[in-house]
Amino acid sequence: MFDAKIPAGPLNSKWEDYKGHCKLVNPANKRNLEVIIIGTGLAGASAAASLGELGYKVKAFCFQDSPRRAHSIAAQGGINAAKNYQNDGDSVFRLFYDTVKGGDYRAREANVHRLSEVSGNIIDQCVAQGVPFAREYGGLLSNRSFGGTQVQRTFYAAGQTGQQLLLGAYSALERQVALGNVKMYNRHEMLEIVKIKDEKTGEMKARGIIARDLVTGELERHFGHAVLICSGGYGNVFYLSTNAMGSNVTAAWKATKSGAYFANPCFTQIHPTCIPVSGDHQSKLTLMSESLRNDGRIWVPKKQNDTRKASDIPEEERDYYLERRYPAFGNLVPRDVASRAAKERCDAGYGVGTSKQAVYLDFAAAIERYGSIEVGKRQLGNVSKEEIIKLGKEVVAEKYGNLFDMYAKITGENPYELPMRIYPAVHYTMGGLWVDYELGTTVPGLYSLGEANFSDHGANRLGASALMQGLADGYFVIPYTVGNYLADEIRTKAISTDHPAFVEAEKSVKDTINKFFNAKGTKSVDFFHKKLGKIMWDKCGMARNEKGLQEAIQEIKALRAEFWKDVRVPGDANEFNPELEKAGRVADFLELGELMCMDALNRRESCGGHFREESQTEDGEALRDDVNFQYVAAWEYKGEGQYELHKEPLEFVECKPTQRSYK
């Protein structure tokens, strides 16, 4: 049933009305209901902690050795919330509007408004957990700016906000583990969804999973009345991305092959401020937080192929191209806009560094400005420029120090003295499992939270909104919506894992594992992953066109055939075997990559992070086609390389679509 389940009534009362009328499960019955959670990043850990606190029996799985290793920990810049601490005009509606506009009018209004409504609660929850948000001199929580907004609504903890938020959620999770409400399965990977027919309704419902113990290699069967996929995004389909190397699409893809629709797979985000690629030896890329665009100014030389050092290029010969092209937002335009602008400058011959595939992010002006402010605050007289710069560096170090240290360690350059060199890189995926208003997939009993679903961000995510969505879904949404489903499951007894559906699912997993070893090929898993990544980046990356996407689909089909014929997986299945883990994940990427290109080919418009070269304005901006493409593309798996497209029309009542302008 393809129903978004959006409640009736005015937008600003939908969520309140839903909470007031959804079904509840009494405390005694909660103790008899089991919930499986895949992934323990911000969405998974917060969901597990919340559902455990409510009294459900929760099993939480992560492939890392600890939930603290989840990729959420790598988030740097901050988390958005509409608290209007700055008294600068922010509100729930403005956060909602900025998010819908930032996503280029390709997100569902009802979900985004709910996200904005609960955003303030997240900050209160995290402060209560002891998350050390940055504070102003008087003790109030500090806010900074992020792209796509004209207010300061981003709460942060230096450049390690994700780490601090995850430690807060992890503490709440571990409390429930200690109380016996949550059982943690570290170093386990979900490899199949188990569906069983409901005798009363006749529906095929998600009733468990097959997981592999990554230490022993043993396959395990686990029953659950509901299954929550909280396994993050699929950016590693590009091989080089800012994601942790272990990040993968396997859980979401197994859900897709079990009947859950996959929505908007071509909507991937290219982050504008990453350390540029340095060579073929690299296995991942490093993000420099978007928060640096608060104070850093982005520029390139006005002269093509300029080989001078940045310090030798006078001010009048520098092109601050974002400030020039987008005066209203300047360096704080959304990520898709900033990324395309950097690519355009580099492609036109204005790039810097040895590769010429980089632009400068310069803190010189900010250091001097902060130094002058400090002079005033300290009432110092006759201060030299050197002393002003020294004071300014101290302020910048306090706000961004760990980011500057990271850049210095990776590049060997001092960003306090020289401008950083940055270039766009794959970062986040707005696409994911299709979910309704309740975060339920098209498979009853199967839910998806955080980056693993498609919800909230449309075609482009605004910075500092990923952490907001993950925690909103886990702390404040899923406890109500999964309860609404589980209220009808209180008479469903735990199903034995000897049930034929579990036996069949485990056999399917074993068959796939044996297929890897039986190939006995000559090429490593990484060989195929790198080739896939190059196809995806070249033809389905920052810009796409009809010819390139058609070529990519055929190239990926051929690569997938070669993979199954010539991949070499050493070792054995019944042991610790990282190459086997990688093989399974890359096999899924090879299928997803084809669907991403099919989705990009079908969407003959430009919107947000999806830029079709055939669809652009005269000055090179993304040109949407609201008449033909104002919908969510939800793809149903029909067999290898076969998908059926279902369209969920998007209706905009409060945010009327207009051509996005940040000028």
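Just so you know, these numbers use all the heavy atoms, side chains as well, and skip hydrogens, waters and symmetry mates.
Cation-pi check for Arg461 over Tyr428 is met; the charged atom lies under 6.0 angstrom from the ring centroid and within 45 degrees of its normal. Relative to the ring axis of Tyr437, Lys5 does not place its NZ or CZ within 45° and under 6.0 Å from the centre. The side-chain tip of Arg153 does not point at the ring of Phe146 from less than 6.0 angstrom away and within 45° of straight on. Under the 6.0 Å distance and 45° angle rule, Arg585 counts as a cation-pi partner of Phe63. Seen from the ring of Tyr662, Lys101 counts as a face-on cation partner, given the 6.0 Å and 45° thresholds.
Side-chain contact between Asn248 and Glu189 is present, with heavy atoms from C-beta onward closer than 4.5 Å. Pro424 has its side chain within reach of Met542: a pair of non-hydrogen atoms, C-beta onward, lies under 4.5 Å apart. Residues Glu109 and Val653 have side chains in contact (heavy-atom distance under 4.5 Å, counting atoms from C-beta outward). Proximity of Ser119 to Leu95: side-chain heavy atoms (C-beta onward) are separated by under 4.5 Å at one or more points. Contact check for Leu287 versus Leu285: no side-chain heavy atoms found under the 4.5 Å cut-off. Met190 places none of its side-chain heavy atoms less than 4.5 Å from the side chain of Thr250. Here the side chains of Leu173 and Pro67 are in contact, with some heavy-atom distance below 4.5 Å. Side-chain contact between Leu532 and Leu590 is present, with at least one heavy-atom pair separated by less than 4.5 Å.
Going from atom CG of Leu439 over to atom SG of Cys230 covers 9.5 Å, rounded to the nearest 0.5 Å. Distance CD/Gln152 to CG/Asn84: 11.0 Å, rounded to 0.5 Å. Rounded to the nearest 0.5 angstrom, Gln469 CD and Leu449 CG are separated by 8.0 Å.
Side-chain contact, Asn236 with Ser247: no donor N or O sits under 3.5 Å from an acceptor N or O. Of the N and O atoms on the side chains of Asn181 and Glu53, not one donor lies less than 3.5 Å from an acceptor on the other residue. A side-chain donor from one of Tyr18 and Glu438 sits under 3.5 Å from a side-chain acceptor of the other. Checking Thr154 against Asn143 by side-chain atom types alone, no donor-acceptor pair falls below 3.5 Å.
Partners of Thr256 according to the side-chain contact (heavy atoms from CB on, under 4.5 Å) rule, which considers only residues two or more places apart in sequence or in another chain, are Trp253, Phe262, Leu433, Tyr637. Shown here are the side chain to side chain donor-acceptor pair (under 3.5 Å) partners of Trp635, two or more places apart in sequence or in another chain: Asp599.
Between Arg660 and Glu621, no side-chain nitrogen of the basic residue sits less than 4.0 Å from a carboxylate oxygen of the acidic one, so the salt-bridge criterion is not met. Taking a cutoff of 4.0 Å between a charged side-chain nitrogen and a carboxylate oxygen, Asp98 and Arg94 do not qualify as a salt bridge. One finds no salt bridge joining Glu203 and Lys195 here, because no Lys/Arg side-chain nitrogen approaches an Asp/Glu carboxylate oxygen to under 4.0 Å. Salt bridge absent: Lys254 and Glu192 never bring a charged side-chain N and a carboxylate O closer than 4.0 Å. Remark: Arg106 does not engage Asp104 in a salt bridge, criterion side-chain N to carboxylate O under 4.0 Å.
Considering all non-hydrogen atoms of both residues, Val58 and Ile37 come closest at CG1-CD1, 3.8 Å. Closest of all the heavy-atom pairs between Pro265 and Leu595 is CG-CG, 3.9 Å. Contact record, Arg207 with Phe223: O-CD1, 3.1 Å, taken as the closest heavy-atom pair. Nearest heavy-atom pair across Cys62 and Met184 is SG-CE, 3.9 Å. Between Gln64 and Ala70, the shortest heavy-atom contact is NE2-CA, 3.5 Å. The minimum heavy-atom distance linking Leu486 with Ala226 is given by the pair CD2-CB, 4.1 Å.
When atom types are taken as modelled, the side chain of Glu605 and the backbone of Asp625 share a donor-acceptor pair closer than 3.5 angstrom. No side-chain donor-acceptor contact under 3.5 Å links Gln269 to the backbone of Met430. Put simply, the side chain of Asn460 never gets that close to the backbone of Gly609: no donor and acceptor are under 3.5 Å apart. Within the 3.5 Å criterion, the main-chain N or O of Gly450 finds a donor-acceptor partner in the side chain of Asp473. Under a 3.5 Å cut-off, the side chain of Lys656 and the backbone N or O of Phe652 do form a donor-acceptor pair. A donor-acceptor contact shorter than 3.5 Å is absent between the side chain of Arg293 and the backbone of Thr273. Counting only distance, with no hydrogens or angles, the side chain of Asn111 and the backbone of Asp456 share no donor-acceptor pair below 3.5 Å. Under a 3.5 Å cut-off, the side chain of Thr99 and the backbone N or O of Val112 do not form any donor-acceptor pair. Between the side chain of Lys539 and the backbone N or O of Arg544, no donor-acceptor pair lies under 3.5 Å. Between the side chain of His113 and the backbone N or O of Phe93, no donor-acceptor pair lies under 3.5 Å.
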Please test Glu117 against Asn12 for side-chain hydrogen bond (donor to acceptor under 3.5 Å, both in side chains), starting from the C-alpha separation and ending with a verdict. CA-CA 8 Å; Glu117 287 177 63; Asn12 59 4; over 6 Å; no

Any chance you could lay out the salt bridge (charged side-chain N to carboxylate O under 4.0 Å, His left out) test for Lys257 and Glu591, step after step, and finish with the verdict? CA-CA 11 Å; Lys257 295 178 83 168; Glu591 294 187 11; 3.2 Å; yes

Test side-chain hydrogen bond (donor to acceptor under 3.5 Å, both in side chains) on Thr429 and Glu451 and set out the steps. CA-CA 7 Å; Thr429 50; Glu451 192 180 355; 3.1 Å; yes

Could you walk me through whether Arg108 and Glu651 pass the salt bridge (charged side-chain N to carboxylate O under 4.0 Å, His left out) test, one step at a time? CA-CA 8 Å; Arg108 192 189 290 147; Glu651 295 179 22; over 6 Å; no

Does Lys23 form a salt bridge (charged side-chain N to carboxylate O under 4.0 Å, His left out) with Asp488? I'd like the steps, not just the answer. CA-CA 9 Å; Lys23 299 170 188 171; Asp488 293 330; 2.8 Å; yes

Decide yes or no on ring pair (Phe, Tyr, Trp, His ring centres under 6.0 Å) for Phe267 and His457, but give the supporting numbers first. CA-CA 10 Å; Phe267 286 171; His457 306 301; over 10 Å; no

Kindly determine whether Glu16 and Ser13 satisfy side-chain hydrogen bond (donor to acceptor under 3.5 Å, both in side chains), including the steps that lead there. CA-CA 5 Å; Glu16 204 60 40; Ser13 62; over 6 Å; no

Working note: His225 + Tyr485, criterion ring pair (Phe, Tyr, Trp, His ring centres under 6.0 Å); need CA distance, chi angles, decisive distance, verdict. CA-CA 10 Å; His225 289 89; Tyr485 171 79; 9.2 Å; no

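Taking the six-membered ring where tryptophan is involved, the planes of His271 and His427 are perpendicular, since the angle between them exceeds 60° and thus also 30°. Classified by interplanar angle (parallel below 30°, tilted 30° to 60°, perpendicular above 60°), the ring pair Trp434/Phe454 is parallel.
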